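This is a predicted model, so every value here is computed, not measured.
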Amino acid sequence: MKNIVKKENAVSRQFLGVDFVLLSIGKDTMVTKMLYKSTDNVPFHKHPNEQSGYVISGKYNLKFGGEEFELSKGDTYSIPANREHSIEILEAGEVVDVFTPIREDYL
């Protein structure tokens, strides 16, 4: 567990070509900051983790549950576990994501 992570100690990672910063990790939750580039592509996928996010900057088209949602600065979302979803990056930016339980594949 990493309950407190100072910004200078955050760990940079990459998953499927998308850069992100691994922030705090608790017993059941994980916080990441996604660093989306306009060239990133996040195709439909699912995972056993609930995913909630807050858009810091950029513009995105989030698809899940048969619907599309255009998201920009200040918007939030929550995707249930095991629900197929994708995100199209319309404008580069940053998103804070919280996963429950933690994503082992991000460690």
Which atom of S78 lies closest to which atom of P80, heavy atoms considered: O-CD, 3.9 Å

N61 and E70: side chain donor to acceptor below 3.5 Å: no

F64-L71 co-clustered via ILVMFWY side chain contacts under 4.5 Å: yes

Distance (rounded to the nearest 0.5 Å) between F69 CZ and D75 CG: 11.5 Å

Exam field: side chain H47 to backbone H45, donor-acceptor pair closer than 3.5 Å: no

Results of side-chain contact (heavy atoms from CB on, under 4.5 Å) for P48 - residues two or more places apart only: N82

Student check: side-chain heavy atoms of Y60 and E88 closer than 4.5 Å: no

Y54 reachable from V21 in the ILVMFWY side-chain graph, under 4.5 Å edges: yes

Non-neighbouring partners of E84 that pass side chain to side chain donor-acceptor pair (under 3.5 Å), sequence neighbours left out: none

Residue pair K33 / I56, side-chain heavy-atom distance below 4.5 Å: yes

For residues 8-18, please give each side-chain donor-acceptor pair under 3.5 Å, one per line with the distance, not counting sequence neighbours.
unit_1, atom_1, unit_2, atom_2, d
R13, NE, Y106, O, 3.3
Q14, NE2, D19, OD1, 2.9

Residue pairs passing the side-chain hydrogen bond (donor to acceptor under 3.5 Å, both in side chains) test where at least one lies in residues 89-102, sequence neighbours excluded: Q51-D97, Y77-D97

Side chain to side chain donor-acceptor pair (under 3.5 Å) partners of D105, counting only residues at least two apart: R103

Side chains of Y36 and I87 in contact at under 4.5 Å (non-hydrogen atoms): yes

Other residues, nucleotides, ligands: >12 heavy atoms within 6.0 Å of L107 CG: yes

K73 atom NZ: more than 12 heavy-atom contacts under 6.0 Å: no

Side chain proximity check, S52 to T76, heavy atoms < 4.5 angstrom: no

Same apolar cluster: V95 and L62, side chain cutoff 4.5 Å: yes

Side-chain donor-acceptor pairs under 3.5 Å in residues 22-31, sequence neighbours left out?
none

Closest non-hydrogen atom pair, S86 against P43: CB-C, 3.7 Å

Common cluster, I79/F20, ILVMFWY with side-chain heavy-atom separation under 4.5 Å: yes

